[in-house]
Each structure stands twice: as C-alpha cells, then as structure tokens.
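Note on naming: letters A, B, ... go to the chains in the order of the sequence lines (proteins, then strands), and numbering restarts at 1 for each one.
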Amino acid sequence: MNIIVLVKQVPNTTNMKVDPLHGTLIRSGVDTIINPDDLASIELALQVKDNIQDTHIRVITMGPAQAKNMLVDLYGYGVDDCVLLSDSAFAGADTWATSYTLAKAIERYPYDLIIAGRQAIDGDTAQVGPQVAQHCNIPQITYVSKLQEITKQNITVVKSYEDYDELLSCNFPCLITALSDKTTLRDASFTMVWHADKKNITTLTNKEIQGDPHNIGLKGSLTQVKKTFVKTVEKKGQMISNDVDLAAKKIAQILKDATH
Amino acid sequence: MRQVKDIYVYIEMRNQTISQGSLQLLSLSQQLKKQYAHKNIQQQVIAVLCGYKVESFTSQCFYYGADRVIVIDNQKVQYPTTQHITKALVQIIETYTPECFLISASVVGRDIAPRVAATVRTGLTADATHLEVDPSDHSTLLLMTRPAFSGNLYGTIICPNTFPQMSSIREDVFEKIAYNNPEVPPTYVSVSFDSHDDVTVIQKIDKKKNTVDLTKANIILAGGRSMANHMDLLQDSAKQLSATLAASRGLVETQKVSKDIQVGQTGKTVRPSIYIACGISGAVQHTAGMENSQTIIAINNDPNASIFSIATLGVVADAQEVLKRIPTYL
C-alpha cells in the first residue's frame, strides 16, 4: 500500500505579532511548526502502516528550502520518504495553484491513499485537500476524525459534522483530510530519530514536475489579495477595578435587565 | 467575455431542514444586490436547492431573500455527498454562468466549494466574514474579506479574471432577514448523476446530546485557560445565571471541556445578548467569534488584557471572586 501525506510548515500563529500601521505580519522571531492538522495526517498514515504490511509512506511538502528541517523530523516518526517541492516560481500560489502544483508532484508517484490535514493554521482555508483530490480526479472524505477499518481495497472512516458523525467507506484511490483535535501524533522513535539525518530528501522544482507556468505560483493564482489589514477595536466600556462587590452588582443588574 | 449575471446561493439541507447559514446567505445576497443596483447593475438572488422531496422548502428561500429558486430534486442528493452535489453545482454554473456563487462555510460547504471551484476553474475565497461590492466605477468585483493567521490579520480577496466569483461564508456572522419576496414557480433542473457512489454511507452516528447549541444561547458564560482549576464554580455559575457555558481555545486545550463549546476563530461564532468572559485575555483568535455580542462583560485580573478594549463592562479582578458574589445580587 502506498500512502502520500501532504504536509505544510507554518508560522506558529499563537505567537504572531502584527504591524498595525502597515497591516502586515511581523515574521521575524516567529518560529515555524508543522501544521497541527498535518500531524494528525501523519498519525493516520502510521495507523495504516501498523495494520497493513508493506505500507510505504511518502511525505510531500511545498515550501522554501528551510522546510527540509521539518522533513528530517518526520523521518523520526517512521515515514519512508520525503519530497520537498521548492521553486521560486511556486511562490505566492493561492489554493488553486497550490493544489495544481501538488497534484503534478503526486502524479510522479504511485498511491492508494492521500492524506492531508483539514486546514493550515496560517491560511485556514481547508481548500487544498479537496482541490488536490479534484486535480487528481479521485474521491475525497474530509473532516476525518477516526480510522475505523482499512483493507487493501478500501478505507472506512468516521467523518465529523457539526452535530453528528458519519461512518463512511471509500475504495482506493482516494483522499482524506484529518483533524488535529481528534487525532494526536504518537511519540517519535528514538532509533528512527537517530538515523533521520542520514535519510535522503528529494527536492523537486518545476523543471521536474513540468507544471504549466500559467498555472503555478502567483501568476497561476485565480484569486488575488487586494489588501491586508489588522482589525482595530476602539475602547468603549466602563471599567471597574478592584471593587468586586460593585462589579458583581453591576453584572447582576445587566442580567436582570435582560431577562425582564 | 461571456455574459455573467446574478448571485447564486447553494442551499444546504441539514437534518431535513435548510441550514441557517444558507438562509443568512440569501439575506446577505439581497444586500449585495442592492449595492450592485446602486451601480446600475441588475442582479437577481437565486437559491439553488438540492435535496430529495424539497418542494416545500422553496417558500423559506423566498422569505429570506431569494428572487428565484432552482430546485434539483433527486434521491442522489438526499444527503449532501461531495460527488453528487459537486456535479449538480458544476452543471448549474456551466448552464447559467453566475456572477457570484456563495456557499456556507459549514462542514458540507467547505467540502464541496473547493471541489466545485477547481472543476470550473475559478478562484475561491474561504470562510469570508465580510462581503461588499467594489465601490469603484464600472467594477463588478466582490471584495471578500476573511481572517487569516488565526485571526491576527484580515485579507480582502478578489477574483478578477474567472467566474463565478466564489466564496464560502462563515456561518452566523450575517443575520437572516425577512424579505418576504413574492413566490414564483421554481425552476426544476435535472442532472445526470453518476450511477455509482464513490463514497458509501454506512451509518449516521448521533453525537451524545450533551451538546448545546451555543449559537442560539441568549446568555453565555465563557471561561479562559485560567478557569481550568475552577470548573465547578464555572459550571455552577452558568446554572445560576441561566447561561450557557463556553470556552476559549486555551481552556479547551486543558481538556477540561469539550471542543464543541469553543468560541473563536477555530470554534463557534456567537452573538448572544450577554457574553461574560472570565479570565479570557482577548486574543483575536477568541474575539473573532464573540465581538458581535450585544453586551460584553469581561473579568480579568490583568488590567492590560486586550478583552477590555471590546468590553461594555470591564472588571479587573479574579473571575472566581466575582462569580461567587453575583448570586448575592440576583
């Protein structure tokens, strides 16, 4: 069984600061992490490997050269092969151009199952997974919270909706997207971390994947960012400092006014 | 260039009823229609209702803002499956060439919209929270604004060269408005669905019903990470104040409460009459989901907490001390 896992390196948005004057992000000093939902994807792939003999897990990421460090880390969890898609021509891609580029890379490899994270914490779009599935012309199941059963022919998973779940099955090939709040990545293996540095990372540029120059990067993007800004909120309320009783009384009054 | 016109809205059926998010989009579309009309561009709001035996739901579409309704009535789309709904919406787009196509950013919408956009090769904005028509002369562009980087930054997105201009729209950000439009006979469209199903639904599993609908709550009592050690007090207070319990991402991360009650950018969007934030610092991640509450009461022992900048009433104190005393005055 061949699995491809799509992974993205993202800025740690919890520590993110913005420049309110220019409406831009201050990127210096912000650490990068593996996108949380993508860690869930790795875990699901490892669960398949636990159950199906001869499973091969290939990780593909698109990003700058520094993303190599992330890929080295992933070898420590037991993935078999890592591919870095890196080319200045890929920069500035929206979800359409990104998914096109990823699909061109995926084409080069055999696969039964593609696993992506539901969404990345920098863009929060949740669009790349489904659009890769469309470019590869395979079915998809998004918002997968649990791997229920896996055979060599098909996969059965639990999909999480707003107020109910569904048990779904799909034949291979297909793509699923994973949720970090439902699946936690296991610890890395000491032995595999030890050997991770010696593992090979394949780097592909557009020359290798032969993407149509009109479909990649900023030029291939169908959406454009017109502007970015930081939302400012004006101070408007009354403040009570230290007088806990006055505060409790005021709050009680607001509650009583609302219910009468 | 091909002739594009009108604002189309995908109407999502959820548990045998129209999702609230879809109705909100019809009302939003009426506002966009008005903005287009100011520029002498006439658009209609068209609801695309996909489901099985859904005739009776067309009235609701007119009531909340549809000028016309297209109905795709087929057992294949009884449940919102990716494969069949995508096929139906792609056919609608190819037949009618809409100017705009809006889909709720629900689990279903966020599954289907990217697939449809990739098929017809158009740009798609995700999870927009503000939409307006570009005010500059002769422009028909939609300005689609959305939060990114966990709400730290907002981006205004345009789709200038391909059609339709597509966006998924965050649920519960816009209100549904009773337009009470006149009902005209719906247009029935037949779609040649694939005979096979790529994905088999084996079973629907109801979630354990301790889940309350936060979006309908009138009073919300929300706790931040620091309330993790005072969960009993928080729960008792919620009962006493007739409030529904909610949490910040920080509190959810301590695993004391379920993710279902998380408010914020990666949780629910709420707009209750009263929102009481206890020990919540007010990161954009959180405020993005509650800033439209009518009255915001913030209790935090850090006088510089950013939550105070949006609070109607700000209290600098330990939240547990305040909570303990409120019942005295009720």
Side-chain angles (χ1 to χ4, degrees), chain A residues 13-14 16 18 25 94-96 99 121-127 130-131 133-135 139-143 156 158 161-170 181 222-231 233 235-242 244-245 247-252 254-256 258, chain B residues 82-83 106-107 110-111 114-115 117-119 122-127 143 148-150 152-162 198-207 211 219 241 259 273-274 276 284 295 297 303 308-317 321-322 325-326 328-330:
Chain A
T13 54
T14 331
M16 193 123 250
V18 285
L25 294 168
D94 73 350
T95 62
W96 193 90
S99 54
I121 56 168
D122 52 355
D124 282 326
T125 73
Q127 290 177 181
Q131 296 199 322
Q134 180 59 37
H135 284 298
Q140 75 193 35
I141 302 176
T142 52
Y143 289 80
T156 305
V158 177
Y161 287 86
E162 283 88 353
D163 39 20
Y164 63 94
D165 290 343
E166 250 175 14
L167 191 60
L168 301 168
S169 84
C170 187
D181 49 308
L222 303 176
T223 55
Q224 291 173 10
V225 180
K226 194 176 158 67
K227 62 168 180 184
T228 61
F229 60 96
V230 181
K231 209 165 190 178
V233 276
K235 217 173 174 85
K236 59 175 183 186
Q238 180 198 354
M239 292 292 294
I240 299 174
S241 301
N242 308 319
V244 173
D245 277 299
K249 200 172 170 181
K250 282 259 181 201
I251 295 170
I254 292 171
L255 287 166
K256 279 193 278 190
Chain B
T82 318
Q83 178 191 10
S106 59
V107 170
R110 296 182 96 195
D111 180 85
R115 197 102 200 185
T119 309
T122 192
L124 171 64
T125 302
D127 218 12
L143 305 181
F149 295 93
S150 300
N152 285 299
L153 191 73
Y154 286 76
T156 300
I157 313 288
I158 51 171
C159 175
N161 302 316
T162 52
D198 288 338
V199 175
T200 313
V201 181
I202 299 169
Q203 197 192 335
K204 189 175 155 181
I205 311 156
D206 287 321
K207 281 187 188 163
T211 53
I219 302 172
L241 311 184
K259 163 117 180 138
S273 311
I274 302 174
I276 309 174
V284 187
T295 302
I297 300 169
F308 291 132
S309 66
I310 58 164
T312 327
L313 174 63
V315 179
V316 184
E321 293 309 315
V322 181
R325 289 190 216 191
I326 297 172
T328 324
Y329 301 99
L330 280 175

Looking only at heavy atoms and a cut-off of under 4.5 Å, which of A/Val225, A/Leu168, A/Ile141 has the most pairs with chain B?
A/Leu168
With rounding to the nearest 0.5 angstrom, report the CD1 to CG distance, B/Ile202 to A/Leu167.
4.5 Å
How long is the straight-line distance from CD1 of B/Ile157 back to CG of A/Leu222, given to the nearest 0.5 Å?
12.5 Å
Passes side chain to side chain donor-acceptor pair (under 3.5 Å), B/Arg115 versus A/Gln140? Steps please.
CA-CA 10 Å; B/Arg115 197 102 200 185; A/Gln140 75 193 35; 2.9 Å; yes
NE2 of A/His135 to OG1 of B/Thr119, rounded to nearest 0.5 Å, is 9.0 Å
So do the side chains of A/Thr223 and B/Ile158 get within less than 4.5 Å of each other, counting heavy atoms only?
no
Part of A/Asp124 lying under 4.5 Å from any heavy atom of chain B:
both
Under 4.5 Å to a heavy atom of chain B? For A/Tyr161 that would be both
Partner residues of A/Glu166 under the salt bridge (charged side-chain N to carboxylate O under 4.0 Å, His left out) criterion, sequence neighbours left out:
none
Of the listed B/Val322, B/Val284, B/Leu330, B/Thr328, the one with the largest count of heavy-atom pairs under 4.5 Å with chain A is B/Leu330
Min side-chain heavy-atom separation B/Ser106-A/Glu162 under 4.5 Å
yes
Output all residues satisfying side chain to side chain donor-acceptor pair (under 3.5 Å) with B/Ser273, sequence neighbours left out; order by chain, then residue number.
B/Asn218
Closest contact, heavy atoms only, A/Gln127 versus B/Thr125
OE1-C, 3.7 Å
Quick check against the 3.5 Å criterion: does A/Gln224 have a side-chain atom that pairs as donor or acceptor with the backbone of B/Cys159?
no
For the NZ atom on B/Lys259, are there more than 12 heavy atoms of other groups (residues, nucleotides or ligands in this structure) within a distance under 6.0 Å?
yes
Proximal component of B/Ile297, with respect to chain A [non-hydrogen, under 4.5 Å]:
side chain
Between the side chain of A/Gln131 and the main-chain N/O of B/Pro114, is any donor-acceptor distance below 3.5 Å?
yes
Going from CD on A/Gln238 to CG on B/Leu313, what distance comes out if it is rounded to the nearest 0.5 angstrom?
5.5 Å
What part of B/Glu321 is in contact with chain A, defined as an atom under 4.5 angstrom from a non-hydrogen atom: side chain, backbone, both or neither?
both
Can you name the nearest heavy-atom pair linking B/Asp198 to A/Cys170, along with the distance?
O-SG, 3.6 Å
Counting heavy-atom pairs under 4.5 Å with chain B, the top scorer among A/Thr156, A/Thr95, A/Thr228 is A/Thr228
Indicate yes or no: at least one non-hydrogen side-chain atom of B/Ile274 is less than 4.5 angstrom from one of A/Leu255.
yes
Has A/Lys227 got more than 12 heavy atoms of other residues, nucleotides or ligands less than 6.0 Å from its NZ?
no
With chain B as the partner, which of A/Ile254, A/Ile121, A/Val158 has the greatest number of non-hydrogen pairs under 4.5 Å?
A/Ile254
Kindly compute the distance separating OH (A/Tyr143) from CG (B/Asp111), expressed to the nearest 0.5 Å.
8.5 Å
Using non-hydrogen atoms only, which part of A/Ser99 is less than 4.5 Å away from chain B: side chain, backbone, both, or neither?
neither
Report the distance from atom CD1 of A/Ile251 to atom CD1 of B/Ile326, rounding to the nearest 0.5 Å.
4.0 Å
Comparing B/Thr122, B/Val199, B/Asp127 against chain A, the one with the most heavy-atom pairs below 4.5 Å turns out to be B/Val199
Is it true that a side-chain atom of A/Lys256 and a backbone atom of B/Tyr329 form a donor plus acceptor pair closer than 3.5 Å?
yes
When heavy-atom pairs shorter than 4.5 Å are enumerated against chain A, which of B/Thr82, B/Thr200, B/Val107 gives the highest number?
B/Val107
Would you say that A/Phe229 contacts B/Leu153 through its side chain, given a criterion of any heavy-atom pair below 4.5 Å between the two side chains?
no
Closest heavy-atom pair and its distance - A/Thr125, B/Arg110:
O-NH2, 3.5 Å
